[in-house]
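Questions regarding the structure given below will be posed in turn.
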Amino acid sequence: MSLRTTIRTPAQRQARAVRLGPRSLTALALVSAVGVAGFGWPFLAPPTSRLSAHAQDAPWLFAGLLVLLVAVVAAAISESGLGPKAVAMLGVLAATGAALRPIGAGTAGIEPMFFLMVLSGRVLGPGFGYVLGSVTMFASALLTGGVGPWLPFQMLAMGWFAMGAGLLPGRDRLRGRAELAMLAGYGFLAAFAYGTVMNMAGWPFMSALASNVAFDPHAPVATNLARFVAYCVATSLGWDMGRAVVTVVLTLTLGPAVLRALRRATRRAAFETPVTFEGSRQ
């Protein structure tokens with residue numbers, strides 16, 4: 001009996017350590033829908049609704065979101081047949097991202113972990129990107145003591161944007177400066193998007209009497225939207241700009257080396273290399 005292994009070259013197709021199958025896609029769609037509702041309910045509900053009581057129910061929503069997040073990760077891992085090499089790579093990248101996060105804690109937007117999530121999602125695909133983003137945020141929260149009701153939203157948002165990097169075009173063909181420019185542009189926009197959706201998670205729970213930029217459950221959607229924009233400009237614009245600039249700078253300077261290292265590790269791991277056994281008569 002002979003063993004034959006067929007390996008496709010990197011130019012033909014980049015391996016994906018985690019593939020999103022039907023169950024994981026369904027779970028991801030469900031948790032994303034709940035996440036959109038959790039983030040954007042102030043703009044989805046009419047002013048006449050009784051969602052002012054939402055603040056009392058928020059812990060239950062957060063707990064449900066966390067359960068759904070775990071279900072997505074479990075479904076993605078179980079369907080992909082995640083091998084020991086992929087588990088090891090996931091652990092190394094999550095640990096690295098969790099270690100990078102405290103470096104900029106308290107400093108205006110210096111978050112070097114963000115660029116690592118974008119590059120990892122680009123090389124290893126959207127499934128791995130989503131799992132990595134969620135796991136890294138959870139691990140960093142444990143490391144920094146940042147566990148709280150905001151954690152499920154952080155896990156979901158980081159999973160979304162790391163997954164988005166894996167969905168960018170030209171994954172198997174685009175290389176060099178064009179790829180770096182695309183990743184830098186995506187990282188810049190994603191850094192602002194991440195800050196914006198995380199603002200939406202906490203903004204509705206400000207007291208409307210405390211500030212004229214706080215959420216007012218009795219105001220129309222257009223008024224609350226203007227308040228939210230003013231809130232973002234006043235509170236997080238500088239932080240988000242710092243995150244975006246750091247992501248662009250690290251992508252353009254360290255990106256080539258990190259991309260090469262990730263692709264080399266992916267080729268050596270051979271996540272998707274099919275192995276067939278053929279019987280031979282003699």
Side-chain angles (χ1 to χ4, degrees), residues 6-29 31-32 69-97 113-139 155-176 178-180 182-187 189-190 193-194 247 251 255-275:
T6 303
I7 304 177
R8 293 188 177 183
T9 63
Q12 291 174 314
R13 187 181 67 174
Q14 287 291 321
R16 299 194 178 191
V18 176
R19 283 193 169 275
L20 294 176
R23 287 185 299 171
S24 53
L25 282 173
T26 301
L28 178 58
V31 72
S32 295
L69 283 167
V70 173
V72 171
V73 173
I77 291 177
S78 64
E79 280 198 341
S80 67
L82 199 63
K85 294 179 181 179
V87 171
M89 183 171 289
L90 177 64
V92 168
L93 290 174
T96 302
M113 68 165 286
F114 206 87
F115 103 101
L116 180 62
M117 298 298 102
V118 172
L119 298 186
S120 299
R122 169 66 173 177
V123 173
L124 291 157
F128 189 94
Y130 180 85
V131 175
L132 176 64
S134 299
V135 171
T136 302
M137 291 304 297
F138 182 75
M155 293 172 63
L156 181 59
M158 187 58 71
W160 275 344
F161 296 123
M163 180 177 66
L167 296 173
L168 292 174
R171 181 170 175 267
D172 299 327
R173 300 177 301 277
L174 190 63
R175 295 292 185 271
E179 182 182 36
L180 285 177
M182 180 182 68
L183 292 175
Y186 174 81
L189 296 176
Y194 176 83
T247 300
T251 299
V258 173
L259 288 171
R260 283 196 301 269
L262 288 172
R263 284 174 173 139
R264 185 183 304 115
T266 300
R267 289 195 299 269
R268 291 180 177 178
F271 297 119
E272 295 180 341
T273 300
V275 178

Geometric class of the Phe161/Phe114 ring pair [parallel <30°, tilted 30-60°, perpendicular >60°]: tilted
Measuring only between side-chain heavy atoms, which start at C-beta, is Leu93 closer than 4.5 Å to Val135? no
Side-chain contact, heavy-atom cut-off 4.5 Å: Phe128 with Met89? yes
How far apart are the closest heavy atoms of Leu132 and Ser120, and which atoms are they?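 It is CD2-CB, 3.4 Å.
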Taking the side chain as C-beta and beyond, is there a heavy-atom pair between Val123 and Val258 under 4.5 Å? no
Do you know the tightest heavy-atom contact between Ala162 and Gly129? CB-O, 3.1 Å
Working to the nearest 0.5 angstrom, can you tell me the gap between Arg263 CZ and Leu124 CG? 9.5 Å
List the atom of Leu168, the atom of Arg122, and the distance in Å for their closest heavy-atom pair.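 Minimum heavy-atom contact is O-NH1, 3.3 Å.
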Nearest heavy-atom pair of Val118 and Ala165: which atoms, and what distance?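 Nearest heavy atoms, Val118 then Ala165: O-CB, 3.2 Å.
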Identify the heavy atoms of Thr251 and Ala184 that sit nearest to each other, and give their distance.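 Shortest heavy-atom separation between Thr251 and Ala184 comes out as CG2-N, 3.9 Å.
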Working to the nearest 0.5 angstrom, can you tell me the gap between Leu183 CG and Leu174 CG? 8.0 Å
Are Thr136 and Met113 packed together at the side-chain level, in the sense that at least one heavy-atom pair is separated by less than 4.5 angstrom?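 They are in contact (side-chain heavy atoms under 4.5 Å apart), so the answer is yes.
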Might you point out which heavy atoms bring Met155 and Ser134 nearest each other, and give the distance in Å?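 Heavy atoms of Met155 and Ser134 come nearest at O-OG, 3.3 Å.
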If we only count heavy atoms from C-beta on, is the Tyr194 to Leu189 side-chain gap below 4.5 Å?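 No, their side chains stay 4.5 Å or more apart.
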